[in-house]
Amino acid sequence: MQRIKVKSLLSSESAQEEVLLKGWVRTLRDNKAFSFIELNDGSCLANIQVIVDSNLENYADVMHLSTGAAIAVTGKLVESPGKGQKWEVQASGVELIGTAPDDYPLQKKRHTDEYLRTIAHLRPRSNKYGAIFRMRSALSKAIHDFFQERDFKWIHTPIITGSDCEGAGEMFHVTTLDLMNVPKQNGEVNFVEDFFGKEANLTVSGQLSVETFCTSLGDVYTFGPTFRSENSNTSRHMAEFWMIEPEMAFANLQDDMQLGQDFIQYLVRFTMEQCSDDLELFAKFVDKELMSTLDNIANNDFVRLPYTEAIEILQKSSQQFEYEVKWGKDLQSEHERFLTEQHFKQPVIVYDYPKDIKAFYMRLNDDEKTVAAMDILVPAIGEIIGGSQREERYNFLTKRIKELGFDEANYWWYLDTRKYGTVPHAGFGLGFERLLMLVSGISNIRDVIPFPRTPKNLEF
RNA sequence: UCCCCGGUAGCUCAGUCGGUAGAGCGGGUGACUGUUAAUCACUAGGUCGGCAGUUCGAGCCUGUCCCGGGGAGCCA
């Protein structure tokens, strides 16, 4: 007999004479005459109720089953006479596959997120974490669907890089050098003896690589892991996270802002339509306002606000800020929150930032003071997307590289894209985990990735 | 990295004036013929985060380190 998953069983149209299901015991209620087993197999949030009668030959074993045990059940699917569920399975056989001793760490009660983080290998067996990781999987596919439907090509940019993309964050070294005996020359580490013959790092962004493919395949995107070795201890940062970076050829900042809005709205609508059961759990137990937040995002155009006007709004507001609001200074968390949560009460795209607070590759505007950069800010999370139209003019780009004191030679291949058939192009980066926080209401980024990597934390 | 808060039973927490420790849940045993985080009875669980100090005496006071949370910086 073929195994059927709980998800299919629960959506069954009619009773079934014989089914086989396998999964893990969530809870067990028993008495002398029969037992109720709540069985979950991860296929969906809901459990299926299994009734085991005491005349079953191994009933003594069934009564000693515990939360967490793995079992196989054969029986028939019938309409449940009890309240609370449509279907239940009357067992004709229960096979014990894997026991769970009484020190099983997950109890049938609510645990704190902090505790569950210490058992990250077991937490997906809880309702909340099962739900977020099912949603993580579904949204990963939705991201590819969004781009593939629009004829964007997925580019696998490298994880190990030799380029120093200045300003994008601190990097992890990749090396095979003997750390007890590092070869040196003139007091510096001699990377010539290292695996690649030069200094190597884990990628902090696939952008520069994907830009090169943008000038051949047109519209492209990356979706993969990214690494930053910054000593950030916040609920919004990790050392390893997943990033989506589209890049469009023959596109300007307006196109970029539109793509960012379309992308977020597509994913929010997808979640509401395709993950409704799991989403309901978050709306009920994690964030009571989740559904209205998502409705608001899905159904309204994002506010588009030039940086200069954002500064004016902040300066005119009666709000007291800890950090000074001044043209030329970057917006702080408190400023972003004021704009999205209090002033506009919806996502805001701030664009045309002062050039001195933004990266070297962003396109200089005609005012020569600002660059064609944009950040999409959402309530509670803050910056979810950072993007720009790229500087496609060779002379402007080399001038900027020189101004910042970077070594032009390191960017020879990047500059080639401006030398040969350069085109206006634009793109952005979106942190996948921040998106998951947005659609689930989960407030700590460590709880939307299977095994979080943060400073001083590398368990599992 | 900085500021603030916390660490007591497996989990969530209480612990008065400094006098050697409590509850709920969970676990175990038993009862119970339709339960929904079942209910009822009984029962076993403790290096009070580590180290040092003050004191006749420290879960409680002091110092320090470790870990967790919230906020900030940096960013996605």
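A note on names: the letters A, B, ... follow the listed sequences, proteins ahead of strands, and every chain is numbered from 1. The structure displayed is predicted, hence computed values, not measured ones.
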query = Between B:C74, B:G69, B:G34, which one does the side chain of A:Arg446 approach most closely?
reply = B:G69
message = If we check side chain to side chain donor-acceptor pair (under 3.5 Å) with A:Tyr221, which of these qualifies: A:Glu247, A:Gln148, A:Lys153, A:Glu245?
response = A:Gln148
query = Which nucleotide in the set B:G69, B:A38, B:G73 lies at the smallest distance from any side-chain heavy atom of A:Glu114?
reply = B:G69
task = Figure out the CD1/P separation between A:Ile445 and B:C75, and round it to whole Å.
result = 16 Å
inquiry  = Whole angstroms only, please: what is the CG-P distance between A:Asp102 and B:C25?
reply    = 18 Å
query = For the base of B:G71, is there a side-chain donor-acceptor partner from A:Glu322 under 3.5 Å away?
reply = no
request  = Establish, yes or no, whether a centroid distance under 6.0 Å links the rings of A:Tyr307 and A:Tyr351.
outcome  = no
remark   = In whole angstroms, the gap separating C1' of B:C67 from CG of A:Asn233 amounts to 12 Å
message = Please report the distance, rounded to the nearest Å, between CG in A:Asp447 and P in B:G70.
response = 9 Å
ask   = Phosphate oxygens OP1/OP2 of B:U1: is one of them under 4.0 Å from a side-chain N or O of A:Asn231?
value = yes
query = If we only count heavy atoms from C-beta on, is the A:Asn233 to A:Thr454 side-chain gap below 4.5 Å?
reply = no
request  = Report the C-alpha separation of A:Glu433 and A:Arg446 in whole Å, then their side-chain angles, then the decisive distance to 0.1 Å, and conclude whether the salt bridge (Lys or Arg N to Asp or Glu O under 4.0 Å) test is met.
outcome  = CA-CA 9 Å; A:Glu433 284 76 19; A:Arg446 297 171 179 93; over 6 Å; no
request  = Assign A:Phe432 to base, sugar-phosphate, or nothing according to its heavy-atom contacts below 4.0 angstrom with the strands shown.
outcome  = nothing
message = For a quick check, tell me whether the side chain of A:His111 and the base of B:C11 share a donor-acceptor pair closer than 3.5 Å.
response = no
query = Under 4.0 Å between a side-chain N/O of A:Arg236 and OP1 or OP2 of B:G71, yes or no?
reply = no
key: d(OH, A:Tyr353; C1', B:C75) in whole Å   = 12 Å
ask   = Rounded to whole angstrom units, what separation is found between the CE atom of A:Met362 and the C1' atom of B:C75?
value = 12 Å
cation_pi(A:Arg150, A:Phe146) dist<6.0 Å, angle<=45 = yes
task = Would you mind reading off the distance between A:Lys329 atom NZ and B:G73 atom P, rounded to a whole angstrom?
result = 13 Å
message = Whether the side chain of A:Lys32 and the base of B:C32 hold a donor-acceptor pair under 3.5 Å is what I'd like checked.
response = no
query = Would you say the side chain of A:Ser232 and the base of B:C74 hold a donor-acceptor pair, judged only by whether the two atoms sit under 3.5 Å apart?
reply = yes
request  = Could you tell me whether a side-chain N or O of A:Asn252 sits under 3.5 Å from a main-chain N or O of A:Pro424, the two making a donor and an acceptor?
outcome  = no
query = Do A:Gln107 side-chain and B:G27 base share a donor-acceptor contact under 3.5 Å?
reply = no
query = With a non-hydrogen cut-off below 4.0 angstrom, is A:Ser54 in contact with a base, only sugar-phosphate, or nothing?
reply = nothing
query = Where the side chain of A:Asn31 is defined as all heavy atoms beyond and including C-beta, which of B:C32, B:G73, B:C25 is the nearest nucleotide?
reply = B:C32
key: Spacing of A:Glu38 atom CD relative to B:G34 atom P, expressed in whole Å   = 17 Å
key: Side chain of A:Lys108 (C-beta onward), nearest among B:G73, B:A38, B:G24   = B:A38
